[in-house]
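Structure record follows, encoded as structure tokens.
We name chains A, B, ... by the order of the sequence lines, and we start the count at 1 in each one.
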Amino acid sequence: MNPMKMGTGLVTLAAAFMVAASAGAAEVAPDAVAFTDDGVSASLTGQAGDPAAGAKTFKDRKLGNCLACHANKKMEGELFHGNVGPALDGVADRWSTAELRAIVVNSKQVFGEETVMPGFYSLKVGLNPREDLVGKTILSAQEVEDVVAYLATLKE
Amino acid sequence: MKINAGKGPLDPFPADRSWEGNHVKKTILMMGAALGLAMAAGVTVLKADPIDAKLEIDGKPMVTRTKAPEGHPFDEVMSGWLFREPETRSLEEDPFENPGMLSVEEGEQIWNTVEGTAGKSCATCHGDASESMKGISAHYPKWDAEAKRPINIELQINKCRKDKMGAEPYAFDKGGQKPLTAYIKNQSLGEPVSIDLSQGDMQAWWDKGKEEYYTRTGQLDLSCASCHEVNMGKMIRADHLSQGQVNGFPTYRLKSGLTSVHNRFRGCIRDTRAEMPKAFSDELMALEVYVTWRGTGLSVETPAVRQ
């Protein structure tokens, strides 16, 4: 599907497909992610994530920056791990892949509105987002899938 | 740790409490894992308690912990000094080592320099700052009846420059604004912070500032409280989260030198990936009123040393 050819006057539709257009694949738009009792079962991109790419996204300060809040023994080489959130060692023993995907996409759907963990694939953001980030998610759909694939390797 | 299965119309896991039970179980497991990690060697999770130490500057004891005023979310108000590394703390203890004192000296020169069409310096009207400015800045922001809004030291300086000296007001962080503010505040070293909310509409500005403090901003959707209240004492990467107090401003930051309070506010807001309000805007003045109140009773530490 080439979303650029959809020529729609619907702003929401256009916005929803913008992300897909950049990745060139059929992606689930941020506001169309289906949360169920099991979490988010289907891959956002229809493809499996790459755990090695996910590890990079996880530690990159400009991308996931997950280490800002979470410690991770498997990343001992990285200086400074935060403890705003729980350590992620063995996280895949505690949560299914679908649950992990739900947490990364929009943690508020799992932990409640009060959580300080950002929703990495959500458009429900705070007041006055930086102008160049309006309508954009923190991570792309594929980056989320990569991070989820990486989290799935964190077993004890 | 909060356990919240979510509420409201968007709740994907509504009446079904099994999810919550599930999470409780997982939470217990998780806490076990976290403890395990804390004891394992290798990963750097820095020690995260505020230090139990006393701060003295020039033989003057500083209040770095005190009982919080009524209505405060914490029982105890704590200076950012208690959250810093030993080397940073010791730099502040010794005025000869505190790099911020160079700016204070620069501020003293500005204090005595004639500028503007009226041919006056600050000293022309106020004389010796060590007497005339002693204790003054511990009570700012203050209500300005003429401007009908609160003003801080920076804006008070600009008022004097414009009205009394016939000089251009300083642009934000420019000219002598930072060193002169540091010099004036340094005259209140050790004085407990206390602002008068009964003046003018100060209370309304406090209310507005409080609302801002709890409003989540930016793509990361974080409020001041997310970091400085909910996670006070925790590590966010290499940073030890303090209560975000303003009693040490302008502070000397090892990364970036003398830093004004509105610059710090703007930086924290930028870090939530939000648009930054302008310095001295109503938003930031309201925030300064409220955040200053949150530090009631702490000693003025200007120029504090921070990382």
Fill in: B/Glu275 side chain to A/Glu131 backbone, donor-acceptor under 3.5 Å
yes
Practice prompt. Please answer whether the main-chain N or O of B/Ala274 pairs with a side-chain N or O of A/Asn128 as donor and acceptor at a distance below 3.5 Å.
Written response: no
Discussion item. Only pairs of heavy atoms separated by less than 4.5 Å count here; which of A/Asn65, A/Leu88, A/Leu127 has the most with chain B?
Written reply: A/Leu127
Item to complete: Among the options A/Ala68, A/Ala34, A/Pro118, pick out the one with the most heavy-atom pairs lying under 4.5 Å from chain B.
Response: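 So the answer, after comparing A/Ala68, A/Ala34, A/Pro118, is A/Ala68.
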Enter the distance from [X]:[atom1] to [Y]:[atom2] here, rounded to the nearest 0.5 Å.
{"X": "B/Ile269", "Y": "A/Arg130", "atom1": "CD1", "atom2": "CZ", "result": "14.0 Å"}
{"X": "A/Lys124", "Y": "B/Arg216", "atom1": "NZ", "atom2": "CZ", "result": "13.5 Å"}
{"X": "B/Met235", "Y": "A/His81", "atom1": "CE", "atom2": "NE2", "result": "11.5 Å"}

Worksheet item: Considering all heavy atoms of both residues, which atom of B/Asp221 and which atom of A/Lys108 are nearest to each other, and what is their separation?
Response: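 Smallest interatomic distance, heavy atoms only, reads OD2-NZ, 2.7 Å.
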Worksheet item: Looking only at heavy atoms, which two atoms of A/Leu133 and B/Gln219 are closest? And how far apart?
Response: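 Closest approach of A/Leu133 to B/Gln219, heavy atoms only: CD1-OE1, 3.6 Å.
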Give a yes or no on whether [X] atom [atom1] has more than 12 heavy-atom contacts from other residues, nucleotides or ligands under 6.0 Å away.
{"X": "B/Asp75", "atom1": "CG", "value": "no"}
{"X": "B/Lys208", "atom1": "NZ", "value": "yes"}
{"X": "B/Glu76", "atom1": "CD", "value": "yes"}

For residues [X] and [Y], determine if any side-chain heavy atom of one lies less than 4.5 Å from a side-chain heavy atom of the other.
{"X": "B/Val230", "Y": "A/Glu114", "result": "no"}
{"X": "B/Leu241", "Y": "A/Val84", "result": "yes"}
{"X": "B/Arg273", "Y": "A/Val125", "result": "no"}

Worksheet item: So which part of B/Thr215 gets closer than 4.5 Å to some heavy atom of chain A, the side chain, the backbone, both or neither?
Response: side chain
Item to complete: Identify which part of B/Leu222 has an atom lying under 4.5 Å from any heavy atom of chain A, answering side chain, backbone, both or neither.
Response: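 For B/Leu222, the contact with chain A is made by the side chain alone.
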Practice prompt. Check salt bridge (Lys or Arg N to Asp or Glu O under 4.0 Å) between B/Arg306 and all other residues, then give those that pass, not counting sequence neighbours.
Written response: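 Per chain and number, B/Arg306 pairs via salt bridge (Lys or Arg N to Asp or Glu O under 4.0 Å) with B/Glu92, B/Glu301.
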